[in-house]
Amino acid sequence: MLKIQTPNPAPRSSQTARADAGTFVQLAKTASLADGGVQTSQLLAEALQLDPHHHEAQILQERLHQTFVPRWHFPMLADQARNRAYAEAIAMKVKPGDIVLDIGCGAGLTAMLAARAGAKHVYTCEQQPLIAAAATQVIADNGLSDRITVLSKWSHEIVIGVDMPEQADVVVSEIVDTVLLGEGALDTLSHAMAVLAKPGARAIPETGTLVAQLVESEALLQQWRPQTAEGFDLSAFHHLARVAQITPGDFMACGLRSLGPGTDLFQFDFTRPDVAPARSNARLSCTHGGEAHAVFVSFEMQLAPGIALTNGLTSDGHWGRTAFLLDASRRLSPGDDLQVTAQHDAAALSVSVRDAEEPAADRAQVWLEPAWRLEGEPSEPTAPAALSYPGWTPTPGPSAEAPVRACS
């Protein structure tokens, strides 16, 4: 019997591949982003498989990833001190047989740490579909797919008996910004501990404290309030910059000098979160004479007994920092102090500063700290209606918006 061998299909020519890749790019440019960029990502990946050097596909793919995958994920994953602290805290608090809820899957690191610590099963939520898909692959690559379930949804959408068979014994999260509040941690954990966790469930982190202190830094002042440029007076522009959002690189370059000890403003119990607004008055003392340029606000977060993280003046790592600039620099001597009035709601911090001797009527205006974190986006971002790219006007879906709550 004569056997006929069918020849393999002829490979596409370079010209044909480029043309087909262009078709996928055009489809990507008109796809809805309401799915978190999943379809667009797939179309661009198809285009680049056909033509790895397709310029527009490369640019659009990078813009898509920057839009939906916050850049701070990468330095966070490289932060060895942060990773070690979470590893030790999870090993201390997760027991064999535990059900663990991990809020904010990211790349899946904390979920995998919980599985390694002996958890019976880990349920980790990540609202952003591109991140959830990547985390699922990371978990599979590490042989943990049978013990970790990635839920591509907000934690407040999780239903016990549907998404999880039972409430969690341990809740793990890292959903704080530079002043703990801006990513909605209090609201998120209030719901999780009340609805998704068993009574008396353990939590990582356990507590957080906001600390304020006076600092001196000519470099910080020059960066945020340059007096002149090319001989022109710029001082009338300064009122538009009252809160300095300091990246790790800027933090190292500015060399902030403490003029006095840190003073606690607020303490938060993440095992029993309270979302009620609060107000605190505190005196910031000066023990080292100098020029006070700003009030530096940092956090101290206890993950487990004896295990803590901070973004204070002596720390390093991926964290950004926040400094509230004084309206005018103050020359202070040891023994001087300033009075701070701080207020917070469930998602933001405001601070007002005045000399302790001044009447309340002379108080400087309130400075509101926006929801901000390194690179400016939470890990469960509000999906934009479209990517900002010249010539690209994707067709919006029925709803490309989502409530803002962060999981990192």
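Keep in mind that this is a model prediction, so the values were computed, not measured.
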Problem - R82 NZ/CZ over Y86 ring centroid, <6.0 Å and within 45° of normal - result: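 Judged by the rule, R82 and Y86 form a cation-pi pair.
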
Problem - side-chain hydrogen bond (donor to acceptor under 3.5 Å, both in side chains) partners of residues 259-268, not counting sequence neighbours, each pair once - result: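 The answer is none; no pair qualifies.
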
Handout entry: Side-chain (S217) to main-chain (C254) donor-acceptor, under 3.5 angstrom
Key = yes

Handout entry: Backbone of I175 reached by a side-chain donor or acceptor of S173 within 3.5 Å
Key =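 Judged by distance alone, no pair lies under 3.5 Å.
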
Would you call [X] and [Y] a salt bridge, taking side-chain N to carboxylate O under 4.0 Å as the test?
{"X": "R18", "Y": "D51", "result": "no"}
{"X": "R272", "Y": "D269", "result": "yes"}
{"X": "K153", "Y": "D163", "result": "yes"}
{"X": "R330", "Y": "D336", "result": "no"}

Exercise for the section: Could you tell me whether the side chains of H191 and S155 share a donor-acceptor contact shorter than 3.5 Å? Expected result: no

Problem - Q66 side chain to E62 side chain, donor-acceptor N/O pair below 3.5 angstrom - result: yes

Problem - Partners passing ring-ring contact (aromatic ring centres under 6.0 Å, His included) against H54 (at least two apart in sequence or in another chain) - result: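 Not a single residue meets the ring-ring contact (aromatic ring centres under 6.0 Å, His included) criterion with H54.
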
Handout entry: Closest non-hydrogen atom pair, R116 against A87
Key = NH2-CB, 4.2 Å

Exercise for the section: Please report the C-alpha distance between V171 and F270 in whole Å, then the side-chain angles of each, then the deciding distance to 0.1 Å, and finally whether the side-chain contact (heavy atoms from CB on, under 4.5 Å) criterion is met. Expected result: CA-CA 10 Å; V171 175; F270 294 129; over 6 Å; no

Handout entry: Over 12 foreign heavy atoms within 6.0 Å of CZ, R257
Key = yes

